[in-house]
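Numbers here are sequence positions counted from 1. As the structure is a prediction and not an experimental result, all values here were calculated from the model. The analysis underlying the following values was restricted to heavy atoms, covering all of them including side chains, and did not include hydrogens, waters or symmetry mates.
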Amino acid sequence: QVQLRESGGGLVQPGDSLRIACTDSGPDFSTYTMGWFRQTPGKERDFVASISYPDFSRDYADSVAGRFIISRDNARSTLYLRMTDLRPEDTSVYYCAATFKSHPARTSKEYPYWGQGTQVTVSS
């Protein structure tokens with residue numbers, strides 16, 4: 001059973017860095033392709049990054065490429081998103097998601113399992 005929980009969100013200033021995490025309490029984390037999405041009120045949930053099973057291939061949205069890094073620790077059943085050079089437009093609720101697909105996945109409909117989200121606010 002997949003049970004995802006995000007942590008690590010908060011309020012930061014423009015230019016700051018932040019790492020958020022997503023932990024799965026189920027037994028099969030290492031077999032999922034994992035993704036990060038973000039959503040602001042009144043807008044669609046947007047793809048941020050994914051890391052695939054089994055080869056750890058990474059994929060990023062153009063808006064975060066070069067600033068964000070997605071990684072995973074299968075021994076800890078944890079997914080990370082390291083965010084640097086944060087901008088006010090990065091303000092959003094960030095969601096982790098899991099799928100049994102074995103390739104990078106960019107659309108929310110490809111992910112059946114979701115966490116509850118963590119708020120990241122970038123403001124001076």
Side-chain angles (χ1 to χ4, degrees):
Q1 184 177 0
V2 182
Q3 292 185 318
L4 305 175
R5 180 174 295 273
E6 300 91 341
S7 61
L11 173 63
V12 297
Q13 294 187 341
D16 282 355
S17 298
L18 186 69
R19 189 180 75 167
I20 57 177
C22 168
T23 301
D24 175 28
S25 59
D28 299 319
F29 176 83
S30 64
T31 66
Y32 309 141
T33 285
M34 298 295 298
W36 286 103
F37 289 76
R38 62 188 183 186
Q39 187 172 25
T40 55
K43 295 188 176 181
E44 293 185 354
R45 193 166 293 189
D46 291 331
F47 170 75
V48 175
S50 69
I51 183 166
S52 62
Y53 165 82
D55 61 356
F56 285 32
S57 295
R58 292 168 172 83
D59 187 23
Y60 295 95
D62 289 345
S63 59
V64 306
R67 298 189 298 124
F68 291 11
I69 297 175
I70 187 171
S71 62
R72 65 192 299 166
D73 184 339
N74 286 342
R76 289 183 165 83
S77 297
T78 301
L79 176 73
Y80 300 101
L81 186 68
R82 174 70 173 170
M83 302 180 287
T84 64
D85 188 25
L86 282 160
R87 304 165 183 172
E89 54 264 39
D90 296 316
T91 295
S92 193
V93 177
Y94 284 74
Y95 297 89
C96 68
T99 177
F100 288 111
K101 295 182 183 293
S102 57
H103 58 77
R106 281 184 161 237
T107 62
S108 58
K109 66 181 180 181
E110 296 180 88
Y111 291 85
Y113 305 105
W114 293 84
Q116 84 290 347
T118 186
Q119 176 72 46
V120 173
T121 302
V122 185
S123 176
S124 56

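When side chains are defined from C-beta on, Met83 does not count as touching Asp90, because their heavy atoms never get closer than 4.5 Å. Two residues are said to be in side-chain contact when any heavy atoms from C-beta on lie closer than 4.5 Å; Gln119 and Thr91 meet this criterion. Leu81 is not listed as a side-chain neighbour of Arg38, based on a closest heavy-atom distance of 4.5 Å or more. Residues Ser77 and Ser25 have side chains not in contact (no heavy-atom distance under 4.5 Å, counting atoms from C-beta outward). By the 4.5 Å heavy-atom criterion applied to side chains, Gln116 and Arg5 are counted as neighbours.
Among the candidates Tyr80, Phe29, Tyr113, Tyr53, the single residue satisfying the side chain to side chain contact (heavy atoms under 4.5 Å, CB included) test with Met34 is Phe29. Test Trp114, Tyr94, Trp36 against Glu6 for side chain to side chain contact (heavy atoms under 4.5 Å, CB included) and you get one pass: Trp36.
Distance check: Gln39 CD to Ser92 OG gives 7.0 Å after rounding to the nearest 0.5 Å. Note: Asp28 CG to Asn74 CG = 11.0 Å, rounded to the nearest 0.5 Å. Once rounded to the nearest 0.5 Å, the distance linking OG of Ser52 with CZ of Arg58 reads 9.0 Å. Taking OG1 of Thr40 as the reference point, atom CG of Asp46 lies at 7.5 Å (rounded to 0.5 Å). Atom CD1 of Ile20 and atom OH of Tyr95 lie 11.5 Å apart (nearest 0.5 Å).
If you chain together hydrophobic residues whose side chains sit under 4.5 Å apart, Ile70 and Val2 fall into the same group. Put simply, Leu18 and Phe37 are part of two different groups of oily side chains (I, L, V, M, F, W, Y) that touch within less than 4.5 Å, one to the next. One hydrophobic cluster, built from ILVMFWY side chains closer than 4.5 Å, holds both Ile51 and Leu4. Both Tyr60 and Leu86 belong to a common hydrophobic cluster when Ile, Leu, Val, Met, Phe, Trp and Tyr are linked at side-chain heavy-atom distances under 4.5 angstrom. Tyr32 and Leu79 fall within the same hydrophobic cluster, where Ile, Leu, Val, Met, Phe, Trp and Tyr residues are linked whenever their side-chain heavy atoms come under 4.5 Å apart, directly or through other members.
In this structure a side-chain-to-backbone donor-acceptor pair under 3.5 Å is missing from Ser50 to Pro104. The closest donor-acceptor contact from the side chain of Arg106 to the backbone of Ala49 lies at 3.5 Å or more, if one exists at all.
Considering every non-hydrogen atom in both Gly35 and Tyr111, the closest pair reads N-CE2, 3.7 Å. Taking all atoms of both residues into account, the shortest heavy-atom contact from Ser17 to Asp85 is OG-N, 4.3 Å. Among all heavy-atom pairs drawn from Thr33 and Lys101, the shortest one is OG1-O, 2.6 Å.
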